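Treat the numbers as computed from the prediction; the structure is a model and nothing was measured. Computed over heavy atoms, backbone and side chain alike; hydrogens, waters and symmetry mates excluded. Throughout, protein chains are lettered first and strands after them, A, B, ... in sequence-line order, and every chain is numbered starting at 1.
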There are 2 protein chains.
Amino acid sequence: MRFEMSDIDHKRQLMSKHRKPPTMADIARITGVSPMTVSRAFKADSLINKETREAILQAAEDLGYVFDSTASNLRSQKSDFVAVTIPSINNANFADTVGGLSETLATRRMQILLGYTNYDMQEEERLIEQLLRRKPQAIVVTGGKHTDRARRLLENAPIPVIETWDIPAKPIGYYIGFSNAAAVREMVDHFVKVGYRRIAFIGGDVGRDTRGSDRRLGFVEAMKTHGLDSSRLIAAGPPPISMREGANAMARLLQEFPDTEAVICVSDLSAFGALTECQRRHIAVPSRIAIGGFGDYEIGSISVPTLTTINARSRDIGQRTGQLILDILDDRPDTDHVLIKPELIVRESSK
Amino acid sequence: MRFEMSDIDHKRQLMSKHRKPPTMADIARITGVSPMTVSRAFKADSLINKETREAILQAAEDLGYVFDSTASNLRSQKSDFVAVTIPSINNANFADTVGGLSETLATRRMQILLGYTNYDMQEEERLIEQLLRRKPQAIVVTGGKHTDRARRLLENAPIPVIETWDIPAKPIGYYIGFSNAAAVREMVDHFVKVGYRRIAFIGGDVGRDTRGSDRRLGFVEAMKTHGLDSSRLIAAGPPPISMREGANAMARLLQEFPDTEAVICVSDLSAFGALTECQRRHIAVPSRIAIGGFGDYEIGSISVPTLTTINARSRDIGQRTGQLILDILDDRPDTDHVLIKPELIVRESSK
DNA sequence: ATGAAAGCGCTAACAG
DNA sequence: CTGTTAGCGCTTTCAT
């Protein structure tokens, strides 16, 4: 009895914050095998005696052993994770992409190492360098525009590089995305078809949000194609564009171009903000002014009225990216890019 | 000229995906110094000749050298990051906490390694193990309830453990949070004071969302204290609770308890969903039924009407957590916990 | 201001 | 099925 007590005390001491954590060598000593056997016991597939493994795993659990990925990665010269950069931590679209990617990679026991650029290319550069230092198996970046140095870092990286959510002007490696301009063009085409003529666009004015700028560009091109006035452009400032900024932009739109019949917003969040501004002014949507958004966020499916929008298939982007990475690592990629087809969803906020 | 070309070709070859990436030893060879000097050149504070450093950094840039954190961390037995678990990647409150934490840690050049539990304790356990394997400097978890094994892993971890967003029943190490129950009690008190009596609660029915359950508990307690009926409880299912689920819950509430005067929702998102259900049914808010939310999400400040809510000071939680970690690492923590005081914000959706 | 030697914890490669 | 040896790329420690 006394012996057991002291044994427990010993274990507690071993596991305390002040002692060095146990290593495989410690487990090896206790179980009377070599460190290599301990290493094998932790790999699912390796040939090892069933009882030996069980004893080792038991000893590990008793000791409070935690596997050291750092040492493992260094020795085997490969890691078990993929680095990912997204603009914002709080965006349902990017969250869906990361979710789809994560679930696909999980089938191969790979993790995601995530970083946020805050829509800033300088920050993206810093982040890419940080992430590459940790030796990921692949790196996924959101967008196709980067600082010169970031581009160089990616080009020189000894791993696959995948750009997403854009069709890069000059792809670095692989890419999976769609044309933001073409998606908005489709919405403009629809708006024109159902009879709107005086159409405005909110957002996309700041170059650093390349996807937003692209959407705005698509608007301008489409309006010109239809021979319509493409100058009803309202700035909304740098991303992320809040609901509040959407509301403010709508207030300016109503002042500058009071006869506007429809407005396309750079995202559903700004579109909802714009809608609330109309509600506060008792301006009927869509009868007096129609509203379109982008991204198919939940709010657009539940607001009153619901919002016409574009579903960019964010989750698909992530899943396809994950599958591409697995194919590349298996050395059998079919292709170096995947084009995604966004879908126009017409709801109550427009004809 | 020809020489320059071949030089460039050589560099390209060195940097290609098929060659082994350069190491400090390569830089050392090229610049004619020892690897140790190269190592010093990358540390900001180390004593090293200015020109030597410049030559080394230049050579590194030319070679496309990327510092290997894995090797560095292994040798120095410490990393430069803090592990963090949050329930969801797409939640403005947790995003703010991570933002505050990230910005505080950045002052000491520390990074965040983030993982998502998807509101699942089993998933949290897996995640905690994964994160600990990478040897973070500290680990921050959201919430104070964990699986037995997760708790053991945290207790045995040789690093500081900080639980956030809750006041844990049995703290593992440090904690920074608030009482979700007390925050809701304050809202109930306010509602009773301004005259509401038949008050309902939406959400918090599933045990796995401990913060939601706590809020519901606070509601029940407060109603009992006031001698009011605390049985108007509407389930909303497992987290994350969507706007849609809030709307569905409101529909059930109106059916089951049609004379309800006010409803408190587990979050602003479900509160907004509930609001839209009222709008679809032309039920006036707040004159016919008042609505309260939780979390002070942007939508509650811009919806029509704006939503009464509770600001949990998510960003503060992150900043205080970051500061505590820095203090612990400097070996001078003032305290082992910080209590945050949420703030009731009364807006248009209630008296 | 710089270098030499050793080793962090794990596993590749080979041997038995 | 298990063990031995060596070494991943860096930095600690001790010299000079």
inquiry  = Below 4.0 Å from chain B heavy atoms, what is the first contacting nucleotide of DNA chain C and what is the last?
reply    =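 It runs C:dA1 to C:dG9.
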message = Which nucleotide wins on minimum distance to the side chain of A:M36, given the candidates D:dC1, D:dT11, D:dT4?
response = D:dT4
ask   = Start at the 5' end of DNA chain C and walk down; is the nucleotide closest to B:I48 or to A:L74 reached first?
value = B:I48
Any ion pair linking [Y] and [X] (charged N to carboxylate O, less than 4.0 Å)?
X	Y	answer
B:R208	B:E123	no
A:D80	B:R133	no
A:R151	A:D148	no

remark   = Between CG of B:N73 and P of D:dC8 the distance, given in whole Å, is 18 Å
ask   = Whole-Å distance between D:dG3 C1' and A:I27 CD1?
value = 17 Å
Check every strand shown and say whether [X] touches a base, only sugar-phosphate, or nothing at a heavy-atom separation below 4.0 Å.
X	answer
A:S34	base
B:K43	sugar-phosphate
A:T52	sugar-phosphate

query = Got a donor-acceptor pair under 3.5 Å from the side chain of A:R75 to the base of D:dG7?
reply = yes
Please check the phosphate of [N] (OP1 and OP2 only) for any side-chain N or O of [X] closer than 4.0 Å.
X	N	result
A:K78	D:dC8	no
A:Q77	D:dG7	no
B:S72	D:dT11	yes
B:Y65	D:dC10	yes

inquiry  = Keeping B:R332 on the side-chain end and B:D327 on the backbone end, is there a donor-acceptor pair under 3.5 Å?
reply    =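 No, B:R332 side chain to B:D327 backbone: no donor-acceptor pair under 3.5 Å.
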query = Is the number of heavy atoms from other residues, nucleotides or ligands under 6.0 Å of B:R320 CZ greater than 12?
reply = no
message = So for atom NZ, which belongs to A:K145, do other residues, nucleotides or ligands contribute more than 12 heavy atoms lying within a distance under 6.0 Å?
response =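 Result for NZ/A:K145: open.
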remark   = Whichever of B:S69 and B:R40 has the more 5' nearest nucleotide on DNA chain D, that residue is B:S69
